[in-house]
Visitor: 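Below you will find the structure I want to go over with you.
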Number of protein chains: 2
Amino acid sequence: MRSKKSRSTSVDIAHRAGVSQATVSRVLRGSPLVNPETRARVLEAVRELNYKVDHRASSLRTQRSGTLALLLFEDPTPDESHINPFFLSMLGSITRACARHRHDLLVSFQQLSDDWHADYEDSMKADGLILLGYGDYMAYRSKLEQLVEHGTHFVRWGAVLPDQPGISIGCDNFQGGQLVGEHLLGLGRKRVAFLGHASNHYPEFFDRYRGCDAALQKGGASMHADLQVDAESSEEAGYAAALALMERGRPFDALFAASDLIAIGAMRALVEHGRHVPWDVAVVGFDDIPMARVASPPLTSVIQDTSRAGELLVETLLKRVRAEPVDSVMLPPSLVVRRSSTVG
Amino acid sequence: MRSKKSRSTSVDIAHRAGVSQATVSRVLRGSPLVNPETRARVLEAVRELNYKVDHRASSLRTQRSGTLALLLFEDPTPDESHINPFFLSMLGSITRACARHRHDLLVSFQQLSDDWHADYEDSMKADGLILLGYGDYMAYRSKLEQLVEHGTHFVRWGAVLPDQPGISIGCDNFQGGQLVGEHLLGLGRKRVAFLGHASNHYPEFFDRYRGCDAALQKGGASMHADLQVDAESSEEAGYAAALALMERGRPFDALFAASDLIAIGAMRALVEHGRHVPWDVAVVGFDDIPMARVASPPLTSVIQDTSRAGELLVETLLKRVRAEPVDSVMLPPSLVVRRSSTVG
DNA sequence: CTGAAAGCGCTTACAG
DNA sequence: CTGAAAGCGCTTACAG
């Protein structure tokens, strides 16, 4: 139709229903100050002409777009189309949460190096931003400060830290690490290697590391600096890190990977070098991505509640947009035990 | 800033630069009819006030939103956050393609049963729609017809069929099936089971089936109705279908699953029932999702070029929006051989 | 309960 | 090359 006649507007509806354009608008916005019969007539015309409110015009007038933007970034950039599966799962739950809250979602991949603070909200495309991604927190932090200073509405998925700019929703990574430490200790493993960055630059990984350390210490063990190898969250990095670890020649009977991707890459390296998982080395990951169940052996991991997380991110952001008070929140993780860590 | 002073407009810029608001607009749209010095002055003011064009106002005026909408649907609805990984990968490449073409992307999950034809383009939120999903084509088709009749701009990912409403970009599923059939034949396997719907209701799966059949026939074999079991694309369905297949008691030495998820579920069932993959049964999937590499044994699969697909979908849709002529396109698939089908 | 009118922030003929 | 003016399609005080 639209290809032939041009799209109808509220004026067309007004005409057809024999009312003013203002009244059409009132009906469509659900204003209570409209006579029920008038309303019925307008609605009838709306149906007949298959009319839809022009979202741009209404949003220009009301100064609310009803749209949220999701900015997803990873540094270094993953090769084409290989976004971290954990973020993809978050993307799914955020999309659903947006729909529940009757908002649209704009999705965009960004480089940490991009000028992403400058775009979506400034050009009035979105009422607020959801930030999702890994990367060096020290580089990240200054961007966040700009956003705050700029008055942009945003919520970030990530570590909940004291004094951080803006607000965050994140997993309780320390507790996640503890769950892993306790599990390994219960298995009698005390020489626990850690694959992943463990510094302030990667606070999520670092908290996982420290949580595990804290748990081990209760059992008279601890993490060892010579059993820690840096790795970003990818299979390749996990593979390389496991090789580097074995190269060092220090004994270890368990391996805690900062993410499932790292764990999966590491298991490959271990097996290729004759280490049996879990007999020689119990392996635990983090995130519980779909791949974890399928890996061989199936990977013990820490579950982050992505659907709760998506809901909370959207809910919190909408509160921020409405200038209601909000707080950072940490979500409790849980452990799922599979054969990569247990014998039998 | 914006939280304190209100956002600046083109009028503010005009004022500051000592020109008319119309000139500001010309500069920002890159119009050639502006004196270079004037342009410089305007740009200076833009920078100082950190001004960004209000996208809604500009889009209202130009009647172009610069936004595309991606509608993702699956029937039956997957449980929270477990979208088919193949679609997730498509989503990634579509997002990137949109960015390359300087368009924004709105993402939304839909039920096939929803009234999705009615929304995004009608309310002027998007210039066009990308449709992505599995489902009963017969139900789907009537929706497509409505879209066409309605003059909506859309491109669909899926089977390229004669007489279909609108245009499609899809994998050459028949050829994909052929590659599988030739591969299995080369391995000396002739009793090939098929897990997945094989009817007009699921044209993509059906083409894969027929392609495989065509290849087998060249080798004096063929697909058998009693070795085909319906399954939608999920691990659970694959698991159940493999059980049903074994139940029938007909011998088979190869299994072609209509998707990797089906294949992975099926392998689990096979192994649990004492069949060795690939010795007893060579297994091949379709899609080459990330899980395929990690499965045990790693899964032979058919690669669909998702990054090319995303680019083509976006490019084609934008042409449609600009009323340029476009055609449906089939992309050539390729086979990646892993240990689920080869011995040694 | 309803209408006339102003205005959201741009873009683009039109006139100079 | 530049400005004044109309208009994109709505929403919402204001007056009745």
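A note on names: the letters A, B, ... follow the listed sequences, proteins ahead of strands, and every chain is numbered from 1.
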Visitor: With sugar-phosphate meaning primed atoms plus P, OP1 and OP2, does A/Ser25 contact a base, only sugar-phosphate, or nothing at under 4.0 Å between heavy atoms?
Guide: base
Visitor: Give the rounded distance in Å between these two atoms: CD of B/Glu37 and P of D/dT2.
Guide: 9 Å
Visitor: For the residue pair B/Thr152 and B/Arg320, what are the closest heavy atoms and their distance?
Guide: O-NH1, 3.9 Å
Visitor: Going by modelled atom types, is there a donor-acceptor pair between the base of C/dG3 and the side chain of A/Arg26 at under 3.5 Å?
Guide: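 It does, because a donor-acceptor pair links the side chain of A/Arg26 to the base of C/dG3 below 3.5 Å.
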Visitor: Please report, rounded to the nearest Å, how far the P atom of C/dG7 is from the CG atom of B/Asp54.
Guide: 18 Å
Visitor: Side chain of A/Ala22, heavy atoms from C-beta onward: which of C/dA4, D/dC1, C/dC8 has the nearest atom to it?
Guide: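 Among C/dA4, D/dC1, C/dC8, the one nearest the side chain of A/Ala22 is C/dA4.
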Visitor: Do the numbers put A/Arg16 on top of the ring of A/Tyr51, so that NZ or CZ is under 6.0 Å from the six-membered ring centre and no more than 45° off the axis?
Guide: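 No - A/Arg16 does not lie over the ring of A/Tyr51 by the 6.0 Å and 45° rule.
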Visitor: Heavy atoms from C-beta onward define the side chain here; which of D/dC10, C/dT2, D/dT12 lies closest to that of A/Thr38?
Guide: C/dT2
Visitor: Check every atom of D/dT11, D/dG7, C/dT2 against the side chain of B/Arg61 and return the nucleotide holding the closest atom.
Guide: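 In terms of side-chain proximity for B/Arg61, the closest of D/dT11, D/dG7, C/dT2 is D/dG7.
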Visitor: Heavy atoms under 4.0 Å, any strand shown: does A/Val19 hit a base, just sugar-phosphate, or nothing?
Guide: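 Sugar-phosphate, no base atom in range.
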Visitor: Look at B/Ser20 and D/dT2 and indicate whether a side-chain polar atom (N or O) is within less than 4.0 Å of OP1 or OP2.
Guide: no
Visitor: Under 4.5 Å between any side-chain heavy atoms of B/Lys125 and A/Thr67, yes or no?
Guide: no
Visitor: Say you pick atom C1' in D/dG16 and the same atom in D/dT12; how far apart are they, in whole Å?
Guide: 16 Å
Visitor: With side chains defined as the heavy atoms from C-beta onward, is the minimum distance between B/Val321 and B/Arg64 less than 4.5 Å?
Guide: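 They are in contact (side-chain heavy atoms under 4.5 Å apart), so the answer is yes.
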Visitor: Just call it for A/Val11: base, sugar-phosphate, or nothing, with non-hydrogen atoms closer than 4.0 Å on any strand.
Guide: nothing
Visitor: Got B/Ile167 and B/Thr316 here, is their nearest side-chain heavy-atom distance under 4.5 Å?
Guide: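 Touching, per the 4.5 Å side-chain cut-off.
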Visitor: Between B/Leu28 (CG) and C/dC10 (P), how many Å, whole number?
Guide: 9 Å
Visitor: Under the side chain to side chain contact (heavy atoms under 4.5 Å, CB included) rule, what do B/Arg47 and B/Glu44 come out as? Steps first, then yes or no, please.
Guide: CA-CA 5 Å; B/Arg47 205 166 329 106; B/Glu44 173 66 13; 3.1 Å; yes
Visitor: Contact class for B/Gln63 (heavy atom, under 4.0 Å): base, sugar-phosphate, or nothing?
Guide: sugar-phosphate
Visitor: Can you tell which of D/dG3, C/dC10, D/dC10 lies closest to the side chain of B/Val53?
Guide: C/dC10
Visitor: Take the protein atom CD of A/Gln21 and the nucleotide atom P of C/dT2, then report the distance between them rounded to whole Å.
Guide: 15 Å
Visitor: Treating a pair as Watson-Crick (purine N1 to pyrimidine N3 plus N6-O4 or O6-N4) or G-U wobble (N1-O2 and O6-N3) with both distances under 3.5 Å, list the stems of 3 or more consecutive pairs that involve DNA chain C.
Guide: C:1-3 with D:14-16, C:5-12 with D:5-12, C:14-16 with D:1-3
Visitor: Hey, is the side chain of B/Thr23 poking within less than 4.0 Å of OP1 or OP2 on D/dG3, counting only N and O atoms?
Guide: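 Yes, B/Thr23 has a side-chain N/O under 4.0 Å of OP1/OP2 on D/dG3.
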Visitor: I need the CG-P distance between B/Asn35 and D/dT2, as an integer number of Å.
Guide: 5 Å
Visitor: If the cut-off is 4.0 Å, is B/Ser10 near the phosphate of C/dC10, judged by side-chain N/O to OP1 or OP2?
Guide: yes
Visitor: Donor-acceptor check, side chain of A/His153 to backbone of A/Asp127, threshold 3.5 angstrom: yes or no?
Guide: yes
